[in-house]
Amino acid sequence: MAKRTILLVDGSSLAFRSFYSILDLERFKNANGLHTNALFSFNRMLDNVLAQFEPTHVLVAFDKGSKTFRTDKYADYKGGRDKAPGEFKEQMPYFPILLDAYGIRQYSLENYEADDIIGTLAHQAETEDEVIVLSGDKDLTQLADEHVTVYITRKGVSELEAYTPASIQETMGIQPRQIIEMKGLMGDSSDNYPGVTRIGEKTALKLIRSYDSVAELYERIDELKPSKMKENLVNEKDIALMSRDLAEIRQDAPVEISLEETKREEKDVEALVDFYREMNFNSFLENLTQEPGLSLPAVEESADLPEYTLQSVDIIETEMLPEKSSLLIEHLLENYHEGTPIGLAWTDPQAHVVYVADFEGALQQDDFRAWLADETKAKVTKDSKAAEVLVHRFGGELNGVSFDVDIASYLLDTHNSDQLADMLKDASLPAFVQYDDIVYGKGAKQAVPETEVLHEHLKTKAMALDLLEAPQIERLKAVEMEDLYRSIELPLSDVLAQMEMIGIKVDGAILQERNELLLERLAEMEEEIYELAGERFNINSPKQLGVILFEKLDLPVIKKTKTGYSTAAGVLEKLVNAHPIIAKIMDYRQVAKLQSTYLSSLPEYIQADGRIHTRFDQTLTQTGRLSSSDPNLQNIPTRLEEGRKIRQAFIPTEPDWQFFGADYSQIELRVLAHISQDEHMLQAFRDGEDIHETTARRVFNLPEAEVVTKDMRRQAKAVNFGIVYGISDYGLSQNLNIPRKDAKEFIETYFAKFPGVAKYMEEIVALAKEQGYVSTLFQRRRYLPDIKASNFNVRSFAERTAMNSPIQGTAADIIKLAMIRLQEALDEQDLRSRILLQVHDELILEGPAEEMEILSELVPKVMESAADLDVPLLVEYDQGNTWYDI
DNA sequence: CAGGTCACG
DNA sequence: ACGTACGTGACCTGA
């Protein structure tokens, strides 16, 4: 018989470990909302293990129910355990499917645990077999012998530690089988059986080393000197014998499967593909295609899908350009402001044709350009903003966008992916489109496939757009977001496209000059810091800095991170009087940030037109805000003067133009006043009061005549921020640098003084628990799957999010609406002024100096009237020659 | 590629 | 008792 390598896996233990090894429940969810973290982690571990050991035989054993012969003997066996979370349990039924697809046998046995199945089979192995036992539970190490090696997972399930008789002898000084004896004496807290009072691992080991076993210990109990320990041993003999019995893994369970039957079968690639598609495990899918000899089965096209024909065209005839169409501009660009798309496809949904063409070639044709620009020709798109920018960059204009599946998908659930296959599944359609990562690869391996493959992919994607529009509209209607979609998000996409295309002019020379200056300064600061530290080290490395501060200089440790000492700004602030090096480091950090993130990087984003074209992501944030990237122009420094100067490099397009900035004053607190209907807050805003001052006056119980000091206002301001964020005493105490108890009192006083706000906070959390989501004034939704989580931290986080999201999200809705109306007004009045940037609660425009007066009227008017709240919206504005000046 | 840090609202 | 303020993106370090 050929040598067998037999892998025996403790499925129950490893499934559970896998769950806790990736606790990102949000990210690991498939399109149906099923959590997939345990399955994913288990699968990854399985791949590693199969590759490492190349077993010829594999069996995965599972527990069967919670009733076993052990619970018969001791009712509390494994009692007192927390119930497995629902997020884990829902994944259990899928382990068998995964393992079946892998061609791996599974087994479970009434009244026995997985351990016993493994013990029994390991025992049946022949001497020439190599047996590998894999578990997350150290109890199984008792099975180790000459031909059985036990591997226990570490660090989640990512590492394996081998246990052999030799290694156990070395670390514990006993034989593997004696682990049972040791457990008999010490018990096991996780399996919840007792052991002898006051005997822990150390004592148990000592006794077993001397007496070999529990049985022998009691035979020779007289050899023990009288002691409390001896008394306990004598008194609790029954317990010791029972615990020993519970600890022993059976090697004679009535297992009805033979080792030979665990021979591995071929992977069932089709089943695995189905499984991975269902779970959205794209990386596994991709790996599968790269295994030699395997070809990915085509995604099945369901019978009830319309048949489309693919037509590749060079010369585009007018009859190929329908009244209504789905338009796909395919690109692999990280940043669509540079580079060239790899393809173009559009549909004729009536004729069931997908036309595929070369993007650049098509844009050189007048008929096609006219069709793109014709706003009466409706186009369903995916990421219309990118499409618009790309068409524009290649000499065309895109009008008539009637639908954007990315935006719809995002509104339906902010967690949704941008992959068409996922959207099809969400719409209960067959997911006949391949994932882009699979067709194109990802990272360094990304490449354009051969034409036939590319065209087929473009065809299915374009078809998907045709099919998705109707169901997505239906779903938007069903959740009352069609209005948000049509009145805000879709028109906003066009406004953002214009803003991105216009870009903002930047004087690179100013930045470069300043960059060199700061580089010199940094070098000097480094030397000073080395001097004070007494050695050279990398100041940018929190790890090295931690060693210097908290070991070498022995400064008090204020806070720890997962990996070591925290050296964050808040910590350094507390240490500033403890050592002169601290101030230098704070200074260094500030300058280094400016230098690396802004001064050295921004010039690289200046394109040939002398302008920076950021991208605004409209389908990313969980609250409805925009985000900006490559570069992020929403976090250009302003709070500190030194950083704020960077804004001097942002200049208007023409010498006689100016910037115009307008921002909402306290928009989030105004929204809160409106949503909560707190009478005091409403009154304060209606009376035009300074909200932080009013808050201070109420919280500190100041009579009319008394003045609110700066410090009172500062503290009240922090509380107001905290309220908007979903306050916690700890957070406030950190922010104000006050004891947690004081912060707690602060919050209680606040809620007593603003009972409407307190009521809102309670009600919104209750509502979130009831319906599973919260919404903004404009019906934008954020689902909060964790709102009922059993884990305190996870649940608390969701609760704060429930309080904050309607506020932040409503503010986002309002400014979005303002942007659309403003763009309309600018167009209508034929102004040359234009919107350049949005920074959450402010808009930055540029225009001819002579239009500034008009803007001073128009912009605040449009912004203030964007929403009709029960408090006025107030907009502050300014104009200037650079961004610094507004 | 994750974690720490820090820039913005 | 738990260990956090809400929402982002970019840079650096060091596995």
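Hydrogens, waters and symmetry mates are skipped; everything else that's a heavy atom, side chains included, is used. Quick note on labels: first sequence line is chain A, next is B, and so on, each numbered from 1.
With respect to A/Glu642 and A/Arg647, no salt bridge is recorded, no charged nitrogen being found less than 4.0 Å from a carboxylate O. A salt bridge is defined here as a Lys NZ or Arg NE, NH1 or NH2 lying under 4.0 Å from an Asp or Glu carboxylate O, and A/Arg714 with A/Asp711 meets this definition. A salt bridge links A/Arg536 with A/Glu527: the distance from a Lys NZ or Arg NE/NH1/NH2 to an Asp or Glu carboxylate oxygen falls below 4.0 Å. In summary, A/Arg780 and A/Asp813 engage in a salt bridge, as defined by a charged side-chain N under 4.0 Å from a carboxylate O.
Across the protein-nucleic acid pair, A/Leu837 atom CG and C/dG9 atom P stand 16 Å apart, rounded to whole Å. The CD1 atom of A/Ile764 sits 16 Å away from the P atom of C/dC6 (whole-angstrom rounding). Atom pair A/Phe797:CZ and C/dC2:C1' shows a separation of 16 Å (rounding to whole Å applied). Here the C1' atom of nucleotide C/dC6 and the CG atom of A/Leu784 are 12 Å apart, to the nearest Å. Atom CG in A/Leu626 sits roughly 16 Å away from atom P in C/dG7 (whole-Å rounding). Look at NZ on A/Lys744: it is 19 Å from P on C/dT4, rounded to the nearest Å. To the nearest angstrom, P of C/dC11 lies 20 Å from CD1 of A/Ile539. As rounded to whole Å, 15 Å separates atom P of C/dA5 from atom CG of A/Leu736.
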- Bracket string, DNA chain C, 5' to 3' - pairs by Watson-Crick or G-U geometry under 3.5 Å, | interstrand: .....|||||||||.
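For C/dA15, the OP1/OP2 oxygens have a side-chain nitrogen or oxygen of A/Lys543 closer than 4.0 Å. For C/dC6, the OP1/OP2 oxygens have no side-chain nitrogen or oxygen of A/Thr623 closer than 4.0 Å. Taking only side-chain nitrogens and oxygens, A/Arg800 never comes nearer than 4.0 Å to OP1 or OP2 of C/dT4.
Take A/Ser733 and apply the side-chain hydrogen bond (donor to acceptor under 3.5 Å, both in side chains) test, not counting sequence neighbours, and it matches no residue. Under the side-chain contact (heavy atoms from CB on, under 4.5 Å) criterion, A/Phe797 pairs with A/Arg800, A/Thr801, not counting sequence neighbours. With sequence neighbours excluded, the residues satisfying side-chain hydrogen bond (donor to acceptor under 3.5 Å, both in side chains) with A/Gln666 are A/His692. With sequence neighbours excluded, the residues forming a side-chain hydrogen bond (donor to acceptor under 3.5 Å, both in side chains) with A/Asp630 are A/Arg615, listed by chain and number.
If you check every strand for non-hydrogen atoms under 4.0 Å, A/Gly722 touches a base. Note on A/Asp663: nothing from the nucleic acid sits closer than 4.0 angstrom, heavy atoms only. A/Asn735 comes within 4.0 angstrom of a nucleotide base, judged by non-hydrogen atoms across all strands. No engagement by A/Asn791 is indicated, since no non-hydrogen atom pair under 4.0 Å with the nucleic acid exists. Using a 4.0 Å heavy-atom criterion, one finds that A/Ser805 contacts no nucleic acid atom at all. When heavy atoms are screened at a 4.0 angstrom cut-off, A/Gln544 is found touching the sugar-phosphate backbone but no base atom.
Judged by atom type and distance alone, A/Ser728 reaches the base of C/dT4 through a side-chain donor-acceptor pair under 3.5 Å. A donor and an acceptor atom never sit less than 3.5 Å apart when one is taken from the side chain of A/Arg615 and the other from the base of C/dG9.
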- Contact state string [nucleotides 4-9 of chain B, B base, S sugar-phosphate only, - no protein heavy atom under 4.0 Å]: SSBBBB
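Distance noted for atom P between B/dT5 and C/dT4: 12 Å (whole Å). For B/dC6 and C/dA5, the P atoms lie 13 Å apart once the distance is rounded to whole Å.
The nearest heavy atom of DNA chain C to A/Asp729 and to A/Arg782 marks one nucleotide each, and the one closer to the 5' end goes with A/Asp729. In terms of position along DNA chain C, the nucleotide closest to A/Ala718 lies nearer the 5' end than the nucleotide closest to the other residue of the pair A/Ala718 and A/Ser627.
Ring planes of A/Phe284 and A/Phe281: perpendicular class, angle over 60° (limits at 30 and 60°). In this pair, A/Tyr877 and A/Phe660 present their aromatic rings parallel. The plane angle is below 30°, not in the 30 to 60° band.
Taking only side-chain atoms of A/Asn804, from C-beta outward, the nucleotide of C/dC2, C/dT13, C/dG7 with the closest atom is C/dG7. Taking only side-chain atoms of A/Asp630, from C-beta outward, the nucleotide of C/dG9, C/dG7, C/dA10 with the closest atom is C/dA10. Closest to the side chain of A/Asn793, from the set C/dT8, C/dC12, C/dG3, is C/dG3.
Taking the six-membered ring where the residue is Trp, the centroids of A/Tyr750 and A/Phe754 are separated by under 6.0 Å.
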